[in-house]
Engineer: 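Input: one structure, supplied below.
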Amino acid sequence: MCIFCKIVNNEIPSNKVLENDDFIAFHDLHPKAPIHVLVIPKKHVDCFQDAGAEMMAGITTFIQEVTTLLGIDKTGYRVITNNGEDGGQEVYHLHFHIMGGAKLPFGHMIDEPHKNM
Ligand code: AMP
């Protein structure tokens with residue numbers, strides 16, 4: 001069983017922000033922004049590439065509820081999902097990173113972004 005399924009089953013603890021029948025939001029263990037929360041579906045899906053439209057519709061509404069609860073719905077935030085190896089995915093249970101609480105930097109991820117394109 002994957003680590004996020006263990007969080008769903010309460011087999012390992014998490015610092016929960018919000019939960020409903022289908023999704024859970026909890027604080028990232030290693031925050032990379034003043035606010036860094038993960039949103040996961042309770043049903044195991046490996047990654048974004050495998051997510052269905054119905055799940056995505058539900059998770060969109062849930063993320064909007066979470067950002068309102070966190071008080072960043074007006075100030076702004078970033079939503080990221082890392083998909084697969086090149087995307088830098090470490091945990092293979094679909095999750096969305098919600099980051100906010102500061103003006104977040106954004107730039108090239110590699111030194112010569114177009115070199116291999
Ligand atoms: P990703 O690279 O998109 O797969 O990111 C996985 C994220 O999960 C990382 O930001 C980790 O810090 C976070 N993480 C891993 N284990 C836990 C955990 N038990 N509780 C909260 N966050 C976790």
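Just follow the structure's listing: the first ligand is 1, and inside any ligand the first atom is 1. Side-chain atoms are counted along with the backbone in the values below, which use heavy atoms only and exclude waters and symmetry mates.
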Engineer: Measure the CD1-CG distance between I3 and L29 for me, rounded to the nearest 0.5 Å.
Structural biologist: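 I3 CD1 to L29 CG: 8.0 Å, rounded to 0.5 Å.
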
Engineer: Please produce the table of protein N or O atoms sitting under 3.5 Å from N or O atoms belonging to ligand 1, one pair a line, distance to 0.1 Å.
Structural biologist:
| unit_1 | atom_1 | unit_2 | atom_2 | d |
| --- | --- | --- | --- | --- |
| ligand 1 | 2 (O) | G88 | O | 3.0 |
| ligand 1 | 2 (O) | E90 | N | 3.3 |
| ligand 1 | 3 (O) | N82 | ND2 | 2.9 |
| ligand 1 | 3 (O) | H95 | NE2 | 2.7 |
| ligand 1 | 3 (O) | H97 | NE2 | 2.8 |
| ligand 1 | 4 (O) | E90 | N | 2.7 |
| ligand 1 | 4 (O) | V91 | N | 2.9 |
| ligand 1 | 4 (O) | H95 | NE2 | 3.0 |
| ligand 1 | 5 (O) | H95 | NE2 | 3.2 |
| ligand 1 | 5 (O) | H97 | NE2 | 3.4 |
| ligand 1 | 10 (O) | D28 | OD1 | 3.2 |
| ligand 1 | 10 (O) | D28 | OD2 | 2.6 |
| ligand 1 | 12 (O) | D28 | OD1 | 2.6 |
| ligand 1 | 22 (N) | L29 | N | 3.1 |

Engineer: Not counting sequence neighbours, which residues clear salt bridge (Lys or Arg N to Asp or Glu O under 4.0 Å) with K16? List them please.
Structural biologist: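 Salt bridge (Lys or Arg N to Asp or Glu O under 4.0 Å) check on K16 returns E19.
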
Engineer: Mind telling me whether F26 and F4 have parallel, tilted or perpendicular rings, with 30° and 60° as the class edges?
Structural biologist: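 It falls in the perpendicular class, over 60°.
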
Engineer: Output, in order, the C-alpha distance, side-chain angles, deciding distance and verdict of ring pair (Phe, Tyr, Trp, His ring centres under 6.0 Å) for H97 and H95.
Structural biologist: CA-CA 7 Å; H97 298 256; H95 55 282; 5.1 Å; yes

Engineer: Examine I59 and L38 and state if one hydrophobic cluster contains both, with Ile, Leu, Val, Met, Phe, Trp and Tyr joined whenever side-chain heavy atoms are less than 4.5 Å apart.
Structural biologist: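 No; tracing contacts between hydrophobic side chains, which count when under 4.5 Å, never links both residues.
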
Engineer: Of the options T67, V66, V37, which is the one that meets I72 in a side-chain contact (heavy atoms from CB on, under 4.5 Å)?
Structural biologist: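 Only one option passes, and that is T67.
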
